[in-house]
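Please read all numbers here as calculations on a predicted model, not as lab measurements. Note on naming: letters A, B, ... go to the chains in the order of the sequence lines (proteins, then strands), and numbering restarts at 1 for each one.
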There are 2 protein chains.
Amino acid sequence: MIIKGKNYRTVWMEGKVVRMINQPLLPHRFEIVDLYDTIEVHDSIKNMIVRGAPAIGATAAYAMAQAALKYDGSDLAELKKDLRAAYDFLSKARPTAQDLFDGLDYVYNVIVSDRSIDKIKKKAIDLAEDYAENSIEACEKIGEYGSTLIKDGFRILTHCNAGALATVDYGTALAPIRTAHYAGKKIFVYADETRPRSQGSRLTAFELVSEGIPHAIIADNAAGYFMKRKEIDMVIVGSDRTAMNGDVCNKIGTYEKALLAYENKIPFYVAIPLTTIDRNCPNGEAIPIEERSDEEVLYAYGWNDSGKFERVRIAPEKSRGRNPAFDVTPAKYVTGLITPKGIIKANKKEIERLL
Amino acid sequence: MIIKGKNYRTVWMEGKVVRMINQPLLPHRFEIVDLYDTIEVHDSIKNMIVRGAPAIGATAAYAMAQAALKYDGSDLAELKKDLRAAYDFLSKARPTAQDLFDGLDYVYNVIVSDRSIDKIKKKAIDLAEDYAENSIEACEKIGEYGSTLIKDGFRILTHCNAGALATVDYGTALAPIRTAHYAGKKIFVYADETRPRSQGSRLTAFELVSEGIPHAIIADNAAGYFMKRKEIDMVIVGSDRTAMNGDVCNKIGTYEKALLAYENKIPFYVAIPLTTIDRNCPNGEAIPIEERSDEEVLYAYGWNDSGKFERVRIAPEKSRGRNPAFDVTPAKYVTGLITPKGIIKANKKEIERLL
């Protein structure tokens, strides 16, 4: 995406360094973080410096490449041990997004059987770059297919950030919105704030401002109000993991918006690269849901009037919170899945045919 | 309610001064505000120093008494002109809560026909005190009836604050919870944060801490997650205005929670004093919905780590928001209305029989 006149990806690699946009500082400060080893990349995922399933997938692929490139010995067994350790450690960074495992596997599963250290290094970086390129291409395809659903004048609700910042570039849920906008369609986006981490008001709004797409930020509580008044024509969200029956696991609150859309007869689409589909997951109930620190609920994070980044407590000192980061939207509420291979129904038959 | 060992009402009157708890400063600072004239009381309602339909009603009643008491002339016509001006001005403070008009009418409609300045003053303050007492009594009755619905071990969700702070004392939605707790029932409360003004995490949690009632604050987005997992047994909320067909207008997001409860077969109760019922309102569509400044959505308000009250911006400078403060929950999603006269179905027949 274009930021301050320059084209940026969310995550990329230079030499042995994984570089990424520092997302918790957006929209107020644009900063690049350099990560020098597996532990730093692991922590960047865990602490949501990078977030969004496809972006996590690419970060994981780069992290595997980094682990290979950083090996400076000549013992193949030792390198493979290092790679396995990196794989295992990285796979524990966050539990829900399928792409984390997909990105790790994409690099690891190929290089693990090679017998040359040099070839492993070369393959690892090629595969990681390949993964990132595929991801962007998939997003652009999602944009093409998805934009055919968007009519001139549409008012579209999105939840959380499934934009360029959640992918390597271009986005999943925001891809059809971008493509429709570039095609000259007049659209208006309602961006749910998406508490507790406010990815909607911070990141989605940042992207919409950058693209000049008209929008309004609303409290998560207000989505139903606008749907009931028929001021929303369509909902598009992303997915962190998609089950084989079409159940979709996405940012907490997605289930609420899906049910509201269903009740108000508003089309509810989920934009997914194939990397979010978990072939081993029969339905949403089987997906592990991350519960994060309750500090995210008890505090809000932003910039004070002096421009300083601060957290402010919005709860009594003695109160605690509960903070599940994702929920499952049953397939029955999903009008369709927008994929790089076309728009399909959210059911087992159509998902299997696609894969 | 007991705060720092002393019993407080949300709003009361001493001499010609209307006094109230300064709610935007809770839970971190407990402060009483003194209001000396109609303009100050009007602004305290508009700026939500006092909020919650029954508390606004009592404030309005006291404001009418204050307007009478402050008249120091001897011209009956002039006093009545003053009272009418106060009535008109106060009635514009906020558009949605029915109790504002109910509280104004309760005092104004009686004193306006009196012909003695002294009697008007005496009646005005007596009526206002009467109104506040009735309100507390109604809340206690709501507590008695509502608590019969709460079984030992129940996990109860509430949205916004319909507690002591939203009334003169004791609360509406929190009244059954208080009564059940005092009766020794083991209960657990999930308090929705209630963005954009966080009345759940700030005020409801404050009351629950004060009462020692176990609870967790959750993001508004997470209510559906807990309902779907059957970790919530019951929902109780308040109402700002109740239509004759049983439609309920309450804090933004209530509609979402009601639909989720309906879908997950969880009882959804609305606790209302009779003052929230609008006899002239056939259904929810007829209720005017306040839209407040979008700053509430673009900022979060709380205490930084140095204990200073601040707002932090959570959105790009160029983004705007939309901020409806209430929504309408259709009667079909309401399991029952908990009233001071018993629990009834949310329909015209039962509401008419009650009045």
Side-chain angles (χ1 to χ4, degrees), chain A residues 27-28 159 190-196 198 201-202 205-206 208-209 215-226 228 251-256 259-260 263 289 294 296-305 309-324 326-328, chain B residues 27-28 159 190-196 198 201-202 205-206 208-209 215-226 228 251-256 259-260 263 289 294 296-305 309-324 326-328:
Chain A
H28 296 278
H159 189 68
Y190 286 95
D192 280 345
E193 175 186 358
T194 319
R195 277 284 287 161
S198 307
S201 63
R202 291 193 305 102
F206 174 77
L208 295 171
V209 166
H215 65 281
I217 297 165
I218 59 172
D220 301 297
N221 282 320
Y225 171 88
F226 289 108
K228 196 148 157 280
K251 180 54 52 196
I252 190 78
T254 302
Y255 163 55
E256 303 196 356
L259 177 60
L260 287 161
E263 182 72 7
I289 302 288
D294 69 349
E296 296 181 354
V297 174
L298 304 174
Y299 290 88
Y301 297 76
W303 274 257
N304 71 13
D305 287 341
F309 183 70
E310 282 191 328
R311 63 174 196 176
V312 291
R313 188 158 178 118
I314 53 169
E317 287 306 322
K318 287 185 181 163
S319 289
R320 299 307 303 263
R322 290 286 307 274
N323 187 22
F326 302 93
D327 59 24
V328 172
Chain B
H28 296 279
H159 188 68
Y190 286 96
D192 280 344
E193 175 186 358
T194 319
R195 277 283 289 162
S198 307
S201 63
R202 292 194 303 104
F206 174 78
L208 295 171
V209 166
H215 64 281
I217 297 165
I218 60 172
D220 301 297
N221 281 321
Y225 171 89
F226 289 107
K228 196 148 157 282
K251 180 54 51 195
I252 191 78
T254 303
Y255 163 55
E256 303 196 358
L259 177 60
L260 287 160
E263 183 71 6
I289 303 289
D294 68 350
E296 295 181 354
V297 175
L298 304 174
Y299 291 88
Y301 297 76
W303 273 256
N304 71 13
D305 287 340
F309 183 69
E310 281 191 329
R311 62 175 197 177
V312 291
R313 187 156 180 119
I314 53 170
E317 288 306 323
K318 286 185 182 163
S319 289
R320 300 307 304 264
R322 290 286 307 275
N323 186 21
F326 302 93
D327 60 23
V328 172

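- Smallest separation of non-hydrogen atoms from A:Asp294 and A:Gly321: OD2-N, 2.9 Å.
- Neither the backbone nor the side chain of A:Leu208 comes within less than 4.5 Å of any heavy atom in chain B.
- For B:Phe226, the part lying under 4.5 angstrom from a heavy atom of chain A is the side chain only.
- A:Phe326 meets the ring-ring contact (aromatic ring centres under 6.0 Å, His included) test with no other residue; sequence neighbours excluded.
- The most heavy-atom pairs under 4.5 Å with chain B, out of A:Leu259, A:Val209, A:Leu298, A:Ile218, come from A:Leu259.
- Counting heavy-atom pairs closer than 4.5 Å to chain A, the top residue among B:Ala300, B:Ser319, B:Ala222, B:Ser198 is B:Ser319.
- Looking at A:Glu263, only its side chain comes within 4.5 Å of chain B, counting heavy atoms on both sides.
- Note on A:Val312, A:Thr194, A:Val328: by heavy-atom pairs under 4.5 Å with chain B, the leading option is A:Val312.
- Contacts of A:Pro27 with chain B are made by side-chain atoms alone, with heavy-atom separations under 4.5 Å and no backbone atom involved.
- Looking at B:Ala191, there are no atoms closer than 4.5 Å to chain A (heavy atoms on both sides), in backbone or side chain.
- By the 4.5 Å heavy-atom criterion applied to side chains, A:Asp327 and B:Asn221 are not counted as neighbours.
- Salt bridge status for A:Asp220 with A:Arg195: absent, with no side-chain N to carboxylate O gap under 4.0 Å.
- Taking a 6.0 Å sphere around CZ of B:Arg311, one finds it holds more than 12 heavy atoms contributed by other residues, nucleotides or ligands.
- The minimum heavy-atom distance between A:Ile314 and B:Tyr301, with the atom names listed, is CG2-O, 3.3 Å.
- Remark: B:Asn323 pairs with B:Pro196, B:Arg292, B:Glu296, B:Val297 by the side-chain contact (heavy atoms from CB on, under 4.5 Å) rule, at least two apart or across chains.
- Across every non-hydrogen atom of A:Glu256 and B:Ala223, the tightest pair is OE2-N, 3.2 Å.
- Within the 4.5 angstrom heavy-atom criterion, only side-chain atoms of A:Glu193, from C-beta onward, approach chain B.
- Only the side chain of A:Tyr299 comes within less than 4.5 Å of a heavy atom of chain B; its backbone N, CA, C and O stay farther away.
- The part of A:His28 that comes within reach of chain B is its side chain, from C-beta onward, which places non-hydrogen atoms under 4.5 angstrom from that chain.
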